[in-house]
Every structure is written in C-alpha cells, then in structure tokens.
Amino acid sequence: MCVFGRRCYVRAMGRTDVVVIGAGPAGLTVANLLHRAGIGCLVLERETREFIENRARAGFVEEWAVRALERNGLADRLLRRAATQGSFEFRVDGTSHRFDYADLTGHRHFVYPQQELVKDLLACYPGPIRFSVGDIQLRSLDSSPYVAFDGERVDCDFVAGCDGARGVCQSHVPATVARHDYGIGWLALLAEAPPSAESVVFGIHPNGFAGHMARTPSVTRYYLQCSADDTADDWPDERVWTELRARLALPGEPIVAGPLIEKRVLRMHNYVLDRMSAGRLHLAGESAHLVAPIAAKGMNLAIHDAVLLAQGISAWYDGEKSALDGYSAACLGRVWQYQEFSQWLSDLFHGSRDPFTHQLIQARLRRLLNSRKAAESFAEIYIGQHADH
Ligand SMILES: Cc1cc2nc3c(=O)[nH]c(=O)nc-3n(C[C@H](O)[C@H](O)[C@H](O)COP(=O)(O)OP(=O)(O)OC[C@H]3O[C@@H](n4cnc5c(N)ncnc54)[C@H](O)[C@@H]3O)c2cc1C
C-alpha cells in the first residue's frame, strides 16, 4: 500500500477521489485532512501560488479552529509564530472600555495573517495541486462527477467547491440565497506600522466606526467606515490618518502612522445559501456563505466547513454512505449564529451618527460591560465557543 494511505492505489491518470476547487483556507484544509485520511485529492486553483501566498485578508483565528488544525499536524508554524489575544477595547466618547473574553471563556484568538496560514497549508499538503487553472467545468454531479479544465478531464467521487465568493461552484447548487447589504463601506487598510494598542480596538464615533487589529509586530490592519460608493481615491493618506486619530486615539495613546500598503473599500454585505450540496458537489467556505468582516468570522467558518466536510467524506469512504446528509445543516447552524452576531455588532458599531441610536448603543454597551451574564453570552460567541443550534 502507498505510504500516503489506504486508497492511493486506486488512483490512475485522469481519476482521483476528490477534486478540490480553490486553494483558500477552506480548500487547503479539506485537501490536507482528506490526504491525512488516505483519500486522494487534486486541488485546482485559478491564481498563481505566489498570488495566493501573498493575498492579505484575515488575521484572527479562533482557538477551536487552531486546535482542529493542530490535531492534524497543520498548526506547527502557527503555534510557534502567532501571538494570542484574549481581550479588546471599545473606545467611545474618548473613553476606553476593556472587555476580557479570555477571562470569561478561557479561550483566546490567535493573530496570524491569512496568507501565512495559506503558506503553511500549502507546505503541509504533499498531494497534487495545479495553479493558474482556467475554465473549470463541473459535469455529471449526480452520480459520476468529473471536472474539465484547460482541455483535461478528471473523474472523481466528490467535488469540494471551495472557490470562494467569485467561483464557479456556487452556481451548480440549486439553492435559495438569503442576502443582506449593510448599505455602508469599510475602507480596509494595512499599514506598515506597529500596532497602536496591545489588543483589538473598536472605535464607536459620530464620524463612523474605526477598527484597529494587529497583524504582525510591524503590520497593522485598520478599518474606517465610509460610504459604500467611496473608492480608495476618496481617501488620500492624510485623510485616512486624520480620521483614524479622530475615531480611535486616546490622550497619551497616539495612533502610530506608517506607509499604507493596502487601501480598498469593501462593500459590507452578507449572503447565505440555504443548501451547500448538490449530488456529489459540496460547497465549503465563502462559496456557500459570506459574512462581512465585522466580527472576523469568515475564515473561521471556512475552516469549520472544511473540517466537517473532510469528516463526512472520510466516513463515506469508511462505508457510512449517509455521512454527508447532514453536512449543510451542520455548517449552516454556525453560519447563522455568526451572521446574527455580526448583525448585532454592526448595530453597535455603525449607529452612532444620530442621537437616538447613539443612546441605544450606550445602553447596549452598559449592559455588556456591567452584566456578567450579558458579557458571558457575548464572549462565548465572539470566540466561537457557543452551541451552534
Ligand atoms: C479585509 C478582510 C479581513 C478579514 N478578516 C477576517 C478575520 O480576521 N477572521 C476571519 O475569520 N475572516 C476574515 N475575513 C474573511 C476571510 O478572508 C474569508 O472568509 C476567507 O478567505 C474565506 O476562505 P475560503 O477558502 O472560503 O475562500 P477564499 O479565501 O476566497 O479562497 C477561494 C479560492 O478559490 C480560488 N478560485 C476562485 N474561483 C476559482 C475557480 N473558478 N477555479 C479555481 N479556483 C478558484 C480563489 O483564487 C481562492 O484562492 C476577512 C476578509 C477580508 C476581505
């Protein structure tokens, strides 16, 4: 038998067990977990390796997700290099309110740039992967699926659709899509500057929300609420730093400026498909649901789906042919918990421009900061230790 596992011997040219479409956090986690279970995979990625290894997005990984990767030998470098954080600050009306969720839950976030996790997952995956693949077509998904691309054809038992929000897999699932548009933008910034505070800062301000999140000791992510129609050109660097100081700085705690290496406007919106599977195609991550980065949940959900999908496919190969029947429901339970939480946080972050909602926000904050029960309930979902149903 092949050293890679029990099923390698059945592979032949043009055939594998699972074709994974997309090499983001979802696809690479699925591929690694399946490979470790001895299931053959081929990963197809539209972009180059260099591009995906440098695409900066997320940075906050929940502890349960890190432990799931660690159990499978996928978190060695992360555990060596990532800082952890167990508290954040609200800054409102020039006052700081610290919220210590590690104290309430015993769990922390790991601060690790998404592109570093992608590099690790690529380095850990010894199976076949093809970059710069174009024109992917999925066929015969009900019974004997195959994937055609660039004049080639690969037959398989399953397709894992992990190609994100702009991929091709979503359109093959006849799902109803629930959508929500917040009607606002976030100017997403990466500054070559050390963090200005020791933890995440959520600035609630009449000019709009601002966020501060460490990425590495020398790079910091900032967000500024803006109009959904703004473009990066509307935000010259000087305007960015003036607004960040106005919305986030405290006396004696300046915002440390530096060159802005990313500046783009994200339109804040969500969507969720009501089913994630069609025949032998199973979606995972943003191909099935998108949650605006208000609560830093998207990559964590992608890893959650990936773990469940790999478990389901492994059980199927072990003879449990109904193992994937509950896959959508199991993923969507957590997806909707996180959507609801993001909506709740959005109400807190984005409403302080008119006096009435400003007072509602103050009342909500007082409850959160003064009631242990309210704080515990918030903390457990903020760090992902809640029940999904
Ligand atoms: C600014 C920002 C900050 C964020 N911060 C956080 C955070 O702190 N914590 C958090 O949990 N989440 C965060 N997120 C969300 C997180 O980045 C995403 O949820 C995550 O990337 C989803 O992973 P995925 O694997 O589902 O999709 P992706 O990462 O989008 O991966 C999909 C892959 O499929 C490839 N692909 C697309 N189409 C095709 C095709 N036709 N054929 C082959 N390949 C294809 C793409 O190139 C890509 O590599 C943030 C997002 C942004 C934009």
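Please read these numbers as outputs of a predicted model, since none were measured by experiment. Atoms within each ligand, like the ligands themselves, are counted from 1 in listed order.
For ligand 1, the atoms sitting less than 4.0 Å from at least one non-hydrogen atom of G164 are 27 (O), 30 (O), 32 (C), numbered in the order shown with element in parentheses. Under a 4.0 Å criterion applied to the non-hydrogen atoms of V168, ligand 1 contributes the atoms 41 (N). Near G22, with a cut-off below 4.0 Å to any heavy atom, the atoms of ligand 1 are 33 (C), 34 (O), 35 (C), 44 (N). For ligand 1, the atoms lying closer than 4.0 Å to a non-hydrogen atom of C162 are 32 (C), 33 (C), 34 (O). Here is the list of ligand 1 atoms found below 4.0 Å of a heavy atom in E47: 47 (O).
Side chains of S87 and R98: a donor on one and an acceptor on the other come within 3.5 Å. A side-chain donor from one of D120 and Y112 sits under 3.5 Å from a side-chain acceptor of the other.
For E62, the heavy-atom gap to ligand 1 stays at 4.0 angstrom or more. Ligand 1 has no atom lying under 4.0 Å from any heavy atom of M213.
At a 4.0 Å heavy-atom cut-off, ligand 1 touches I136 through the side chain alone. Contact annotation for F51 and ligand 1: no heavy atom of the residue comes within less than 4.0 Å of the ligand. The side chain of A302, and not its backbone, has at least one atom closer than 4.0 Å to an atom of ligand 1 (non-hydrogen atoms only; side chain from C-beta on). The backbone of L44, and not its side chain, has at least one atom closer than 4.0 Å to an atom of ligand 1 (non-hydrogen atoms only; backbone = N, CA, C, O). With a 4.0 Å heavy-atom cut-off, ligand 1 is reached by no atom of H289.
The shortest N or O to N or O distance between G27 and ligand 1 is not below 3.5 Å.
The salt bridge (Lys or Arg N to Asp or Glu O under 4.0 Å) pairs that include a residue from residues 63-72 are E63-R67, R67-E70, where partners are two or more places apart or lie in different chains.
Y146 carries R153 over the face of its six-membered ring, with the cationic atom under 6.0 Å from the centre and within 45° of the normal.
No salt bridge links D234 with R239; every basic N to acidic carboxylate O contact stays at or beyond 4.0 Å.
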